[in-house]
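In what follows, every chain begins at residue 1, and chains take the letters A, B, ... in the order their sequences are listed.
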Amino acid sequence: MKTWLFKSEPSQYSIDDLARDEVTAWTGVRNYQARNFMRDDMRPGDRGFYFHSSCAEPGIVGFVEVVKRAYADPTQFDRKSRYYDAGAARAAPRWLNVDVKFAGKTRVVGLAELRSHKALKAMQVLQRGNRLSITPVTPAEWACIQRLLGNA
DNA sequence: GCCAACGTTGGC
DNA sequence: GCCAACGTTGGC
């Protein structure tokens, strides 16, 4: 079981949207590194933090669980989608997505709080210039944040 | 709205 | 294959 952080803009798709839908296809990833994480390393049963970005209170707001391995992202073939990719062929899909399931809300653990813990100093989402929408979370980072949330 | 950081594109 | 230009992200 690996652990991850999934970033999403709440104005696009928030933790409450996921709580309502229960399961969602994590489509729209158009970054090769993030795609490779899903394709090569993510498996059903993996856990993740749900992180709100580009909003008033950026931070961790909940948990998700990966429930389906990466498969071809249908939005790359949809001309009407903002994620349409003219360079993607059905026979050789360029973009993939996993399915994730809602696994609970947390209080907002904001960036300042995350940065205040030495154990999280190297956490990818906290690095300057970080733009990856999916990042791996180390076991130590995962445990530290669980403690912050009173879950350990 | 600003600006730093980064990925991608395309001319050469 | 280099690298400048450009577009996007995202915290503040």
Worksheet item: Between B/dT8, C/dG10, C/dG11, which nucleotide gets closest to the side-chain atoms of A/Leu111?
Response: C/dG11

Fill in: Test item: A/Gln76 side-chain N/O and A/Gly28 main-chain N/O as donor-acceptor pair under 3.5 Å
no

Practice prompt. Take atom CZ of A/Arg128 and atom C1' of C/dC12, then tell me their distance rounded to the nearest Å.
Written response: 12 Å

Practice prompt. Tell me what A/Arg30 touches on the nucleic acid: a base, only sugar-phosphate, or nothing, going by heavy atoms under 4.0 Å.
Written response: nothing

Discussion item. Assigning hydrophobic clusters by single linkage (Ile, Leu, Val, Met, Phe, Trp, Tyr; side-chain heavy-atom cutoff under 4.5 Å), is A/Leu114 placed with A/Phe49?
Written reply: yes

Item to complete: Could you state the atom-to-atom distance from CG of A/Leu126 to C1' of B/dA5 in whole Å?
Response: 16 Å

Item to complete: Quickly work out the A/Asn31 CG to C/dG7 C1' distance and round it to whole Å.
Response: 14 Å

Worksheet item: Salt bridge check: are A/Arg20 and A/Asp17 linked by an N-O gap of less than 4.0 Å?
Response: yes

Worksheet item: Is it the case that A/Arg90 places NZ or CZ above or below the six-membered ring of A/Phe77, under 6.0 angstrom from the centre and within 45 degrees of the axis?
Response: yes

Worksheet entry | Protein-nucleotide distance (A/Gln33, atom CD; B/dG7, atom P), rounded to Å | 7 Å

Item to complete: Under 4.0 Å between any heavy atoms, over every strand shown, what does A/Ser53 touch: base, sugar-phosphate, or nothing? Just pick one.
Response: sugar-phosphate

Worksheet item: Between atom CD in A/Glu113 and atom P in C/dG11, what is the gap in whole Å?
Response: 16 Å

Discussion item. Measure CD/A/Gln127 against P/C/dT9 and give the value in whole Å, please.
Written reply: 20 Å

Worksheet item: Expressed in angstrom and rounded to an integer, what is the separation of A/Lys7 atom NZ from C/dT8 atom P?
Response: 16 Å

Discussion item. How many whole angstroms separate atom CG of A/Leu114 from atom C1' of C/dG11?
Written reply: 14 Å

Discussion item. Is A/Arg115 close enough to C/dC12 that one of its side-chain N or O atoms is under 4.0 Å from OP1 or OP2 there?
Written reply: yes

